[in-house]
Amino acid sequence: MNIRKKVKSITSTAAVSSLALLLSIPVVQASSDGETLYMQHCSVCHQPDGQGIPSLFPPLAANLQMSSDDPETIQEYLRLVIFGYHGGLIVNNQVYSGKMPPIGEVGRLNDSELLELINYQRSSWGNNGRAVTFTELATAREAGRLKPGSK
Ligand code: HEC
């Protein structure tokens, strides 16, 4: 079989333009927004690949909390992201005692941006949690800040 011939036919103008069309569909756009927001607001500490830095910033990659569909775990996680957290926690047998800033409270992100960012994390780097909803975000805002050291 002539491979060169095959490659040539795949890269024909028609194939390339339909690929371009595929890449511009809204679903691809939405997930890249979540990624952009993550890069702007979280990656400086938790790192672009979500791996964190041992003993300084906990990993968000392959983090069981982010794959959990349990409503209480989701509430705790949303309150932590909205209002920040300090007082220490343990992830993968490593102790963390830094300060997580109140990203959702300072008014830099609106609720749809916050949801995009959160749902990006819940479906990236080995996490596979279901998408959280506007209603869950509103409940978390109502409940307020987590007690320091309560995790
Ligand atoms: C200035 C650094 C910094 C930034 C920016 C930051 N975090 Fe954190 N984050 C921390 C620290 C430090 C902790 C651990 C707090 C502690 O030990 O009490 C933490 C903890 C967390 C946890 C808890 C992890 C677990 O397994 O319990 C989550 C989730 C989290 N951050 C998400 C985010 C998200 C989402 C963003 C961006 C919107 C973000 N963080 C931005 C420093 C940061």
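Counting convention: from 1, in listed order, for ligands and their atoms alike.
Residue-level proximity to ligand 1 for Lys99 is carried by the backbone, the only part with a heavy atom below 4.0 angstrom. Residue contacts with ligand 1, taken as heavy atom pairs separated by less than 4.0 Å, involve Ser97 solely via the backbone atoms N, CA, C and O. Under 4.0 Å from ligand 1, the heavy atoms of Phe57 that appear belong solely to its side chain. Residue-level proximity to ligand 1 for Tyr77 is carried by the side chain, the only part with a heavy atom below 4.0 angstrom. If you look at Leu37 next to ligand 1, there are no close heavy atoms at all, none under 4.0 Å.
One finds the CG atom of Leu114 at 9.0 Å from the CG atom of Leu37 (value rounded to the nearest 0.5 Å).
Looking at Tyr96 next to ligand 1, an N or O pair under 3.5 Å apart turns up. Considering backbone and side-chain atoms alike, Gln121 places every N or O at 3.5 Å or more from each N or O of ligand 1. The shortest N or O to N or O distance between Gly88 and ligand 1 is under 3.5 Å.
Nearest heavy-atom pair, Gln121 versus Tyr38, reported as atom, atom and distance to 0.1 Å: CG-CD1, 4.2 Å.
Residue nearest to atom 43 (C) of ligand 1, selected from His46, Lys151, Glu113: His46 (by heavy-atom distance).
At least one side-chain heavy atom of Asn119 sits under 4.5 Å from a side-chain heavy atom of Arg122. Contact annotation: the side chain of Gln65 never approaches that of Val91 to less than 4.5 Å [non-hydrogen atoms, C-beta and beyond].
At least one N, O or S atom of Met100, from either the backbone or the side chain, sits less than 2.8 Å from atom 8 (Fe) of ligand 1.
Of the options Ile90, Leu89, Leu56, Ile53, a side chain to side chain contact (heavy atoms under 4.5 Å, CB included) to Tyr96 is made by Leu89 and by none of the others.
Side-chain atoms of Gln75 come within 3.5 Å of backbone N or O of Glu136 as a donor-acceptor pair. Remark: the backbone N or O of Glu105 is not paired with any side-chain donor or acceptor of Arg141 at under 3.5 angstrom.
Interface of Pro101 with ligand 1, defined as ligand atoms under 4.0 Å from a residue heavy atom, comprises 1 (C), 3 (C), 4 (C), 5 (C), 6 (C), 7 (N), 43 (C). Residue Leu80 approaches ligand 1 through these ligand atoms, each under 4.0 Å from one of its heavy atoms: 21 (C), 22 (C), 23 (C), 28 (C), 29 (C), 30 (C), 31 (N).
Both Ile103 and Leu146 sit in one connected hydrophobic cluster of ILVMFWY residues. Membership requires side-chain heavy atoms under 4.5 Å apart, directly or through other members. Clustering ILVMFWY residues whenever any of their side-chain heavy atoms sit less than 4.5 angstrom apart, transitively, puts Phe57 in a cluster other than the one holding Leu60.
Heavy-atom distances between Leu56 and ligand 1 reach below 4.0 Å in at least one pair.
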